[in-house]
Visitor: 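Dropping the structure in here first, questions after.
All chains are named by letter (A, B, ...) in the order of the sequence lines, taking the proteins before the strands, and each is independently numbered beginning at 1.
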Protein chains: 2
Amino acid sequence: MTDLAELEQFLTGKGCKLTRHRRVILQALLDLAGWSSAREIHTYVLARNHKVNFSTIYRNLDALTSIGLLCRVERADAISYYTLNQASGHHHHLICKSCHRISELEFCPLTQMDPQTLQNFTEVECKFDLYGFCRDCQEKAQEPNAD
Amino acid sequence: MTDLAELEQFLTGKGCKLTRHRRVILQALLDLAGWSSAREIHTYVLARNHKVNFSTIYRNLDALTSIGLLCRVERADAISYYTLNQASGHHHHLICKSCHRISELEFCPLTQMDPQTLQNFTEVECKFDLYGFCRDCQEKAQEPNAD
DNA sequence: AAGGCAAATGCAAATGTTTGCATTTATCTC
DNA sequence: GAGATAAATGCAAACATTTGCATTTGCCTT
Ligand SMILES: [Mn+2]
Ligand SMILES: [Mn+2]
Ligand SMILES: [Zn+2]
Ligand SMILES: [Zn+2]
């Protein structure tokens, strides 16, 4: 989904109301491209002369993530970032602790687990992310003038 | 490690200073047994007539976790719980979304992954936890007077 | 025992995010 | 189009946790 009309249709198809705020938040995600924080989206929306409360941004990013329209990742600095969900299904992420670059991980540990280890838990959700230093940040660290 | 002297020795062995606050926090963890939140530990410590600042509790729980003395888990309601680390090595958890019961998971996804999927990231840390409904909470949900 | 130094602490303010509640809005039915 | 209804919103306060900075403390060396 790369155009606004398509996103809006998906939204209403999930029983969500199509508000002015939602439209401009979706447009922000399309225009900004890649990953954005709630603050970045809020700033962008305000710059477009749409007065929207910060909590509305958070509530909508949460709602859009719940219906699968967005993908949410928490960086090592504890700030959440969002992007339009390109992937088809459930997946996870590999996040750089230095530059915060985010890569997709096809792998999901839940599918590899022996059902017996789940101790009869139901509706099991998998929170899984890997944090490390990406190739670029390793090279930078080895240069003499690195910080 | 189930006694105070042993914990203190481990602490100093890691190059940490042995302060009055640290001693009483370790004693709280021993006495409370099982999992406790920062607030619960703070309350316990105050009840023992030790005036300790809340941020000191957090800083110490963090420090004790870093050196491997404590195990930290974030519940579904976003409150962190801590316990004296019984396990020998790195492991993960299975947490009930209703009663917040915490079980140990032997499984670590990082060991099951093809090194190629890590895209040359180094010092990779694995954040992995499963959230579901435990057996007791499923049964309660089926009773007529469940909430 | 005294002095020096890094680590630990108290305090207040800040962090990003969530929530309760009164009001507004989008959508459905007539 | 008017009215009903649930969802969405603005606002302020709250949440758990972290942080900056001045002060204190524990520990090492003399
Ligand atoms: Mn993704
Ligand atoms: Mn554990
Ligand atoms: Zn990087
Ligand atoms: Zn349970």
Side-chain angles (χ1 to χ4, degrees), chain A residues 7-26 28 35-46 49-67 69-70 72-82 95 97 100 127 129, chain B residues 7-26 28 35-46 49-67 69-70 72-82 95 97 100 127 129:
Chain A
L7 293 168
E8 290 179 358
Q9 196 181 336
F10 185 88
L11 201 77
T12 53
K14 290 281 183 180
C16 297
K17 288 184 184 176
L18 189 49
T19 68
R20 204 179 325 110
H21 292 342
R22 289 213 168 125
R23 248 187 293 257
V24 70
I25 289 171
L26 286 174
W35 297 85
S36 318
S37 67
R39 167 148 283 123
E40 288 166 358
I41 291 165
H42 189 222
T43 300
Y44 183 93
V45 165
L46 291 182
N49 289 335
H50 290 86
K51 195 181 161 232
V52 185
N53 194 268
F54 212 166
S55 63
T56 301
I57 301 284
Y58 272 110
R59 271 193 275 236
N60 277 319
L61 291 175
D62 206 44
L64 298 179
T65 303
S66 289
I67 63 171
L69 212 48
L70 301 186
R72 172 184 173 157
V73 161
E74 191 176 336
R75 303 196 321 194
D77 61 4
I79 304 179
S80 287
Y81 275 71
Y82 304 83
I95 305 145
K97 287 186 268 193
H100 306 293
K127 279 204 178 180
D129 283 304
Chain B
L7 293 168
E8 290 179 356
Q9 196 181 336
F10 185 88
L11 201 75
T12 53
K14 291 281 182 179
C16 298
K17 288 183 180 174
L18 189 49
T19 67
R20 203 178 326 109
H21 292 343
R22 289 215 167 125
R23 248 188 292 257
V24 69
I25 288 171
L26 285 174
W35 297 86
S36 317
S37 66
R39 166 147 284 124
E40 286 166 359
I41 291 165
H42 189 222
T43 300
Y44 183 93
V45 165
L46 291 182
N49 289 337
H50 290 85
K51 195 181 163 233
V52 185
N53 193 269
F54 212 165
S55 63
T56 300
I57 300 284
Y58 274 109
R59 271 192 275 237
N60 277 319
L61 292 175
D62 205 43
L64 298 179
T65 304
S66 289
I67 63 172
L69 211 49
L70 301 187
R72 171 184 174 158
V73 161
E74 190 176 336
R75 303 197 321 194
D77 60 4
I79 303 178
S80 287
Y81 275 72
Y82 303 82
I95 306 146
K97 286 186 269 192
H100 306 294
K127 278 203 179 181
D129 283 305

Visitor: Any side-chain heavy atom of K127(A) within less than 4.5 Å of one from K127(B)?
Guide: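 SC-SC contact between K127(A) and K127(B) ruled out.
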Visitor: Listed by chain and number, what are the ring pair (Phe, Tyr, Trp, His ring centres under 6.0 Å) partners of Y44(A), not counting sequence neighbours?
Guide: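 Partners of Y44(A) by the ring pair (Phe, Tyr, Trp, His ring centres under 6.0 Å) criterion come out as none, since no residue qualifies.
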Visitor: Are side-chain heavy atoms of L7(A) and L64(A) found at a separation under 4.5 Å?
Guide: no
Visitor: Measure the shortest side-chain to side-chain distance between L69(A) and L26(A) over non-hydrogen atoms and say whether it is less than 4.5 angstrom.
Guide: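 Contact flag for L69(A)/L26(A) side chains = yes.
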Visitor: Partners of D62(B) by side-chain contact (heavy atoms from CB on, under 4.5 Å), sequence neighbours excluded?
Guide: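 Applying side-chain contact (heavy atoms from CB on, under 4.5 Å) to D62(B) gives R72(B).
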Visitor: In whole Å, what is the span from the OH atom of Y82(A) to the P atom of dG16(C)?
Guide: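 Atom OH in Y82(A) sits about 13 Å away from atom P in dG16(C).
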Visitor: Just to confirm, is there a sub-4.0 Å distance from OP1 or OP2 of dT18(C) to any side-chain nitrogen or oxygen of R59(A)?
Guide: no
Visitor: Assuming nearest nucleotide by heavy-atom distance, tell me which of V52(A) and Y58(B) is located more 5' along DNA chain D.
Guide: V52(A)
Visitor: Atom CG of D77(B) to atom P of dT18(C): distance rounded to whole Å?
Guide: 13 Å
Visitor: What pairs with T12(A) under side-chain contact (heavy atoms from CB on, under 4.5 Å), at least two apart in sequence or on another chain?
Guide: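 Testing T12(A) for side-chain contact (heavy atoms from CB on, under 4.5 Å), a comparison that skips the adjacent residues, returns L18(A).
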Visitor: Would you indicate, yes or no, if dT17(C) has its OP1 or OP2 atom less than 4.0 angstrom from a side-chain nitrogen or oxygen of S55(A)?
Guide: no
Visitor: So, using side-chain contact (heavy atoms from CB on, under 4.5 Å) as the criterion, who are the partners of S66(A) when residues are at least two apart?
Guide: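 S66(A): no side-chain contact (heavy atoms from CB on, under 4.5 Å) contacts found.
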Visitor: Could you tell me how far apart I67(B) (CD1) and dA8(C) (C1') are, to the nearest whole angstrom?
Guide: 14 Å
Visitor: Applying side-chain hydrogen bond (donor to acceptor under 3.5 Å, both in side chains), can you list everything that pairs with N49(A), at least two apart in sequence or on another chain?
Guide: none
Visitor: Can you pull the contact range of chain B along DNA chain D, 5' to 3', using atoms under 4.0 angstrom from its heavy atoms?
Guide: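 Span of nucleotides near chain B: dA16(D) to dC27(D).
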Visitor: Residues of residues 39-46 of chain B with any non-hydrogen atom less than 4.0 angstrom from an atom of DNA chain C: list those, numerically ordered, please.
Guide: none
Visitor: Can you name the nearest heavy-atom pair linking I57(A) to A38(A), along with the distance?
Guide: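 Of all heavy-atom pairs spanning I57(A) and A38(A), the closest is CG2-O, 3.8 Å.
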Visitor: With sequence neighbours excluded, what pairs up with H21(A) under the ring pair (Phe, Tyr, Trp, His ring centres under 6.0 Å) test?
Guide: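 With sequence neighbours excluded, H21(A) shows a ring pair (Phe, Tyr, Trp, His ring centres under 6.0 Å) to no residue whatsoever.
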Visitor: Taking the axis from the first five pairs and the axis from the last five, what angle separates them in the helix from dA1(C)-dT30(D) to dC30(C)-dG1(D), rounded to 10 degrees?
Guide: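 About 30° separates the two local helix axes.
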Visitor: Are side-chain heavy atoms of H42(B) and L46(B) found at a separation under 4.5 Å?
Guide: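 Heavy-atom side-chain distance check passes, below 4.5 Å.
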Visitor: Please give, in whole Å, the distance from dA7(C) P to L64(B) CG?
Guide: 16 Å
Visitor: List for me each residue that meets side-chain hydrogen bond (donor to acceptor under 3.5 Å, both in side chains) alongside D129(B), sequence neighbours excluded, and say none if there are none.
Guide: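 By the side-chain hydrogen bond (donor to acceptor under 3.5 Å, both in side chains) rule, D129(B) matches no residue at all.
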Visitor: Can you name the salt bridge (charged side-chain N to carboxylate O under 4.0 Å, His left out) partners of R22(A), sequence neighbours left out?
Guide: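 In terms of salt bridge (charged side-chain N to carboxylate O under 4.0 Å, His left out), with neighbours along the sequence ignored, R22(A) is linked to no residue.
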Visitor: Identify each atom pair where a protein N or O and an N or O of nucleotides 24-27 of chain C are less than 3.5 Å apart, giving names and distance.
Guide:
| unit_1 | atom_1 | unit_2 | atom_2 | d |
| --- | --- | --- | --- | --- |
| dA26(C) | N3 | K17(A) | NZ | 3.2 |
| dT27(C) | OP1 | L18(A) | N | 3.0 |

Visitor: For N60(B), answer base if it contacts any base atom (sugar-phosphate contacts may also be present), sugar-phosphate if it contacts only those atoms, and nothing otherwise; contact means non-hydrogen atoms under 4.0 Å.
Guide: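 Sugar-phosphate contact only - N60(B) comes under 4.0 Å of backbone atoms but never of a base.
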